[in-house]
Amino acid sequence: MAQTAIQAIATVREGSMLIVTFNRPEVLNAFNDEMIAGLQDAIRQAERDAAVRCVVLTGAGRGFCAGQDLGVFKAREAAGAGEGMVREHLRAGYNQIVLRMRGLEKPIVASINGIAAGVGLSLALAADLRIAADNALFTLGFSKIGLIPDGGASFMLPLLVGLGRASELAFTSDRVDAQEAHRLGLINRVVPAADLPEATLALARDLAAMPTRALGLTKRAFNHAILPDLAAWLDYEAHIQETASRTQDHREGVAAFLEKRPATFRGE
Ligand code: T3D
């Protein structure tokens with residue numbers, strides 16, 4: 001087992017598997033820019049290294065990933081960040097990650113060990129397979145801070161669960177438990193929490209022992225059939241997220257979260 005970094009994104013090689021761990025457990029692995037860059041690097045590593053034949057994404061501590069670090073939004077506002085900031089952050093950051101995840105011609109398994117929220121859930125949806133602990137929770141969360149589902153979730157979610165359920169999950173940001181997520185088709189498998197690491201490795205080991213080229217070409221065919229305009233969709237999603245981010249309700253949602261109080265939205 002070769003460990004390359006213990007940082008906000010920790011990568012460990014285990015045989016032909018690359019295990020990537022989101023590693024800011026004190027904030028439920030909410031993503032900052034170091035993590036965005038680290039995840040981009042980890043996927044590049046998987047692209048370059050022919051000996052890597054399956055990638056696993058998981059979280060340290062009690063969460064999988066709570067999405068974008070909301071402290072960053074507050075800091076941006078305080079710094080008077082100009083128009084286009086959110087759009088460019090998405091385009092250069094999460095959109096590149098999703099494009100690389102979908103473009104990687106090797107299986108990616110999201111091993112969801114706890115809550116997956118915001119773009120944390122989007123990243124899980126961009127993986128090929130999702131296995132979750134029975135105590136994992138899922139929430140879009142974007143509507144609670146006046147945003148739209150991004151990181152590809154605006155099209156991956158309706159693809160996986162259908163438009164009606166996607167609308168309900170996105171509008172309400174209700175938390176869904178692992179059993180319900182499985183019933184909805186959001187995830188592939190649920191296992192007892194204590195068994196998640198071993199069940200994930202067993203699944204990843206099986207996938208890594210399959211004909212990698214055929215699996216990669218299958219993924220390419222699925223992408224071509226179902227996500228042919230992925231780059232353009234992501235670009236549009238970033239564009240309308242920029243619009244959402246300029247609303248009063250977005251500012252209120254973020255402030256309310258950081259001040260640990262309920263938000264009062266005015267619809268503007
Ligand atoms: O510019 C761009 O790129 C735009 C991109 C946007 C992408 C997005 O992901 S937007 C959505 C961002 N995420 C959220 O809105 C989710 C926010 N978090 C929550 O709603 C809740 O924390 C959870 C539902 C995820 C979990 O709830 P719970 O009760 O289990 O835990 P908690 O107590 O709320 O959180 C534990 C700690 O993590 C807490 O810190 P503390 O009080 O112990 O010091 C909390 O503040 C922190 N934390 C959780 N999520 C975030 C966070 N800190 C910063 N950013 C977070 N996203």
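Order of listing sets the numbers, starting from 1, for every ligand and every atom in it. Everything numeric in this text was worked out from a predicted model, so none of it was measured.
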For residues 144-156, tabulate all N or O donor-acceptor pairs below 3.5 Å that involve a side-chain atom, not counting sequence neighbours.
unit_1: Asp150; atom_1: OD2; unit_2: Gln241; atom_2: NE2; d: 2.8
unit_1: Ser154; atom_1: OG; unit_2: Glu237; atom_2: OE2; d: 2.6

Within 6.0 Å of CZ in Arg189, more than 12 heavy atoms from elsewhere
no
In terms of the angle between their ring planes, are Phe31 and Tyr94 parallel, tilted or perpendicular, with boundaries placed at 30° and 60°?
tilted
Calculate, to the nearest 0.5 Å, the distance between atoms CG and CZ belonging to Asn95 and Arg87 respectively.
12.0 Å
Could you list, one pair per line, each nitrogen or oxygen of ligand 1 together with any protein nitrogen or oxygen closer than 3.5 Å, giving atom names and the distance rounded to 0.1 Å?
unit_1: ligand 1; atom_1: 1 (O); unit_2: Arg76; atom_2: NH1; d: 3.0
unit_1: ligand 1; atom_1: 1 (O); unit_2: Arg76; atom_2: NH2; d: 2.9
unit_1: ligand 1; atom_1: 1 (O); unit_2: His89; atom_2: ND1; d: 3.2
unit_1: ligand 1; atom_1: 3 (O); unit_2: His89; atom_2: ND1; d: 2.6
unit_1: ligand 1; atom_1: 9 (O); unit_2: Gln68; atom_2: N; d: 2.9
unit_1: ligand 1; atom_1: 9 (O); unit_2: Val119; atom_2: N; d: 2.9
unit_1: ligand 1; atom_1: 13 (N); unit_2: Ala66; atom_2: O; d: 2.9
unit_1: ligand 1; atom_1: 30 (O); unit_2: Arg62; atom_2: NH1; d: 3.0
unit_1: ligand 1; atom_1: 30 (O); unit_2: Arg62; atom_2: NH2; d: 3.4
unit_1: ligand 1; atom_1: 31 (O); unit_2: Arg62; atom_2: NH2; d: 3.1
unit_1: ligand 1; atom_1: 42 (O); unit_2: Lys260; atom_2: NZ; d: 2.6
unit_1: ligand 1; atom_1: 55 (N); unit_2: Leu70; atom_2: N; d: 2.8
unit_1: ligand 1; atom_1: 57 (N); unit_2: Ala66; atom_2: O; d: 3.1
unit_1: ligand 1; atom_1: 57 (N); unit_2: Gln68; atom_2: O; d: 2.9

Ignoring hydrogens and geometry, is there a side-chain-to-backbone donor-acceptor pair from Glu252 to Phe265 under 3.5 Å?
no
Side chains of Thr139 and Arg175: any donor to acceptor distance under 3.5 Å?
no
